[in-house]
Amino acid sequence: MSTQSLFSSLLPTLEKYFGYTAFRENQREIIETILAGQDTLVLMPTGGGKSLCYQIPAILLGGLTVVVSPLISLMKDQVDALRLNGIKAAYLNSSLSPEEQQQVFRQLRQQELKLLYLAPERLIDAENRFITFLKSINTSLLAIDEAHCISQWGHDFRPEYRMLADIRKALDDVPTVALTATADPVTQQDILDKLQLRQPKVFISSFNRENIYYQVAPKRQSYAQLLDFLAERRDQSGIIYVLSRASTEDLAERLTQDGFPAKPYHAKLASQVKEKHQDEFLKDEVPIVVATVAFGMGINKSNVRFVVHMDLPKNIEGYYQETGRAGRDGLASNALLFYSYADVIKLQGFVEVAGNQEQSRVLREKLQQMAIFADLRSCRRKFLLNYFGEEAPDYCGSCDVCRNDYKTFDGTVIAQKALSAVARLGERFGGGYVIDFLRGSKSEKIWQEHKQLKTYGAGADVSKKDWHRYLNDLLRLGYLQKSDDKFPTLQLTEQSWSVLKGQEKVTLVEIAEPEAITIKSSAKPMDEHLFSLLKGLRRQLAQDENVPAYVIFSDATLQEMATYLPTQPEDLPHISGFGEVKIAKYGSAFLDEINQYCTEHDLDSRMSQLRRRSRKKQAAKPKTDTKQRTYDYYQQGKTIAEIARARNLSTNTISTHLAYFVQNGSVDVTKLVDPATITKIEDAIYVHGNRALKPLKDSLDDSISYDEIRLVIAHQHR
Ligand code: ADP
Ligand code: ZN
């Protein structure tokens, strides 16, 4: 097939095999690049839809796609899911018997398979026999999943992955796609180098998980709060993370007794027990797992509706990865963290690496960031995305801070008291001491000489707890800073002086008790009762097939059915997740269930609403056209500013359109940005990385615009 006709069959293939009606961000472009035979690096957050990026090429290309993955436990699920969609796939790893392996080899020789999943060590043998074999059977694509495992800079380095470089060499004419959910630029570059990808095209998706609602609750009576939270999510799947192994078992037992069946999971459980608990969770036989961080890697379950942290994670990276396990199916999900400052103090001991001051300092700083996140009075999503170098608007509307109206007040006097206390104490004491001093504590701890100082007792009218909050706010706002030491002391900043001199006002947030948790997960007019019946049917089918429930259908598919009530066979292709094979296999079971329910409850199908909606969606999507129109103007020789005027759009939008064409090679960046400017921007990228525009803009001359920076970055991604 020509590349062009391959491209035109992308959407039909997506619909036929996966039952989805549209591609997600970047998927189409990635697939086109792979089909065109170019090496590709894909950076996408967990749940972004990486697998489809190589599975669709695998279906369309002649020959075999080899998928290398370190997660043996996932291979079976992936292969089961593909088979249920009518795609021929198999895996080879140590869990198969010799006979089963023979069977796979036979299928490979007869060219019956589209995809083969492999653990990396499987590719290696003394005489490269396996690789020679792969060459002999027409391998057309190599996909390397979890590609960050090749990098020592990543958080999950696997020595076996180093062998992949040799395999790349041996299969040198086979295009390669590397995929990872690790965002950090150093790891990125390392992947490109180690795998020796040839002129790779790099796709970076936003790491925003828009369907996850972030919330933090004070860690007080957290068990009671947890029960309230769970009571609103009966039968929903979730993971609860705790710090210690013992608490996984205690909490799981307590929850089970209170009517929320839960199983513990931690590294020291016997492996059969671990497997059993994981299996029950995957098959929706038990809704909740209470786990240490040992749980999660290798969990692909798409319908995890909530992730709760009973204790503070040690860093934002871990927190984001763990919360990211919620809502892979794209449906509304919750991330709840219970926080108290006592956790920070407790963890300070854990992040101390004996004999390595530098690493200890880094880990302490990361813990501090985690504490700042927990205490945040501004959008949590923005903080998270900025942390990973991505820009974000100030308001996301789906975190607890954005949803809460915080009242502010003029806190200048409070700030002045705190800052002058810090100054008078010579910047040599931590928060606890400063507060005792401000409150005029009579305790022995306060040095005799300090009791003579002017500010001693000036803040006696404010409680200890409130002072903690105010000091944290002052730290966050930059009016104070903490020293780097093991026992950090409070210090003044430049900004402090303008407050002390009365030149600057300080706005603080009024302290109110955070509201109880009241967020509902989704507001669709879905029939809850039918939804739970459909879940029961799915569980049954999953047991019959011996696969995880979400492999049969995602929650999203069940919700669509419980919302629009398909009752006829011709309704099913309109439901997302029903590909041809699944319609044939499961269609009638679900239609029977829904028809019976509609009869009993006197309900009519609402499929016409869904069809209207999807027609609207299609009509509202001439996205590529708008880019194309910009391109047409460009070809007429117009500048960015001229195009913006002609199209009545911002230059920002126009440069984003043109960046697309720069990235795919149709536009030469030097036609838009002069070479001297390109060099300056490239130098800045060398220092600041290329994930966020703002730090680059800040570091460059004012005369260099965001548009120019964007275009140079696009050029680098070519
Ligand atoms: P990742 O590997 O990036 O974590 P997956 O490939 O497992 O993500 O995809 C996450 C979920 O999203 C899966 O249930 C998958 O079937 C679904 N998905 C992927 N692409 C689409 C799409 N275009 N439309 C609807 N669902 C999709
Ligand atoms: Zn927000």
Side-chain angles (χ1 to χ4, degrees), residues 10-11 13-15 17-31 42-56 67 69 71 74 77-78 81-82 84-85 87 143-147 177-183 203 205-216 296-304 321 324-331 333 335 373 376-386 392-406 519 548-560 575-579 582 614 617:
L10 296 187
L11 201 55
T13 306
L14 180 72
E15 284 176 347
Y17 287 97
F18 298 93
Y20 300 141
T21 47
F23 284 104
R24 291 197 185 149
E25 184 192 355
N26 280 349
Q27 278 179 331
R28 173 184 278 280
E29 291 79 3
I30 293 167
I31 293 169
V42 175
L43 302 142
M44 230 187 233
T46 309
K50 287 186 282 299
S51 326
L52 270 185
C53 296
Y54 57 80
Q55 288 170 347
I56 290 201
V67 185
S69 163
L71 306 175
L74 275 188
D77 286 0
Q78 294 250 15
L82 286 165
L84 283 185
N85 281 325
I87 303 158
I144 298 176
D145 209 359
E146 311 289 344
V177 51
L179 309 100
T180 173
T182 301
F203 290 91
S205 297
S206 165
F207 274 68
N208 184 17
R209 296 291 311 279
E210 48 186 40
N211 58 320
I212 299 183
Y213 182 94
Y214 298 97
Q215 63 192 122
V216 179
M297 188 73 178
I299 294 287
N300 224 349
K301 187 173 163 65
S302 69
N303 63 334
V304 174
Q321 189 173 44
R325 296 191 175 121
R328 277 167 177 257
D329 52 14
L331 297 179
S333 307
F373 170 82
L376 221 51
R377 295 291 158 271
S378 55
C379 177
R380 295 196 200 276
R381 186 178 312 276
K382 180 184 167 76
F383 179 94
L384 291 170
L385 290 173
N386 288 170
D394 291 340
Y395 177 88
C396 79
S398 62
C399 71
D400 52 356
V401 181
C402 285
R403 288 284 194 90
N404 254 320
D405 284 331
Y406 284 101
I519 301 304
Y550 66 87
V551 165
I552 306 273
F553 282 123
S554 73
D555 274 15
T557 301
L558 301 192
Q559 286 203 2
E560 238 178 82
I575 300 285
S576 168
F578 264 102
K582 283 190 180 166
S614 61
K617 231 163 71 190

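Just follow the structure's listing: the first ligand is 1, and inside any ligand the first atom is 1.
- In summary, the side chains of D400 and Y213 do not present any donor paired with an acceptor at a separation below 3.5 Å, with no hydrogens or angles considered.
- Atom 6 (O) of ligand 1 has as its closest protein heavy atom S51 OG, 2.6 Å.
- At least one heavy atom of P45 sits closer than 4.0 Å to an atom of ligand 1.
- Of the polar atoms of G47, at least one N or O is found under 3.5 Å from an N or O of ligand 1, judged by distance alone.
- At least one cation-pi condition fails for R381 and Y214: the charged atom is not both under 6.0 angstrom from the six-membered ring centre and inside a 45 degree cone around its axis.
- Atom 11 (C) of ligand 1 has as its closest protein heavy atom R328 O, 3.4 Å.
- In this structure, D394 pairs ionically with K382, as a charged nitrogen and a carboxylate oxygen lie closer than 4.0 Å.
- Looking only at heavy atoms of the protein, atom 17 (C) of ligand 1 is closest to R24 NH2, 3.6 Å.
- In this structure, a donor-acceptor pair under 3.5 Å is absent between the side chains of T46 and R328.
- In this structure, the side chains of Y54 and I31 stay at 4.5 Å or more apart for every pair of heavy atoms.
- For atom 8 (O) of ligand 1, the closest heavy atom belonging to the protein is G49 N, 3.2 Å.
- Protein heavy atom in closest approach to atom 14 (O) of ligand 1: S302 CB, 4.1 Å.
- Checked by distance only, ligand 1 and Q27 come closer than 3.5 Å through their nitrogen or oxygen atoms.
- Polar contact with ligand 1: present for Y20 (N/O pair, distance under 3.5 Å).
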What do the steps show when you test R403 against S398 for side-chain hydrogen bond (donor to acceptor under 3.5 Å, both in side chains), and what is the final call? CA-CA 7 Å; R403 288 284 194 90; S398 62; over 6 Å; no
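- Using a 4.0 angstrom heavy-atom cutoff, G48 counts as in contact with ligand 1.
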Take L82 and Q55, measure what side-chain contact (heavy atoms from CB on, under 4.5 Å) needs, and give me the verdict at the end. CA-CA 9 Å; L82 286 165; Q55 288 170 347; 3.7 Å; yes
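- Residues L52 and Y17 have side chains not in contact (no heavy-atom distance under 4.5 Å, counting atoms from C-beta outward).
- Close N/O approach between A22 and ligand 1 is found [any backbone or side-chain N/O within under 3.5 Å].
- For the pair C53/I30, a side-chain contact is recorded, criterion being any heavy-atom separation below 4.5 Å from C-beta on.
- For M44, the closest heavy-atom approach to ligand 1 does not fall below 4.0 Å.
- Distances shorter than 4.0 angstrom occur between a heavy atom of T46 and an atom of ligand 1.
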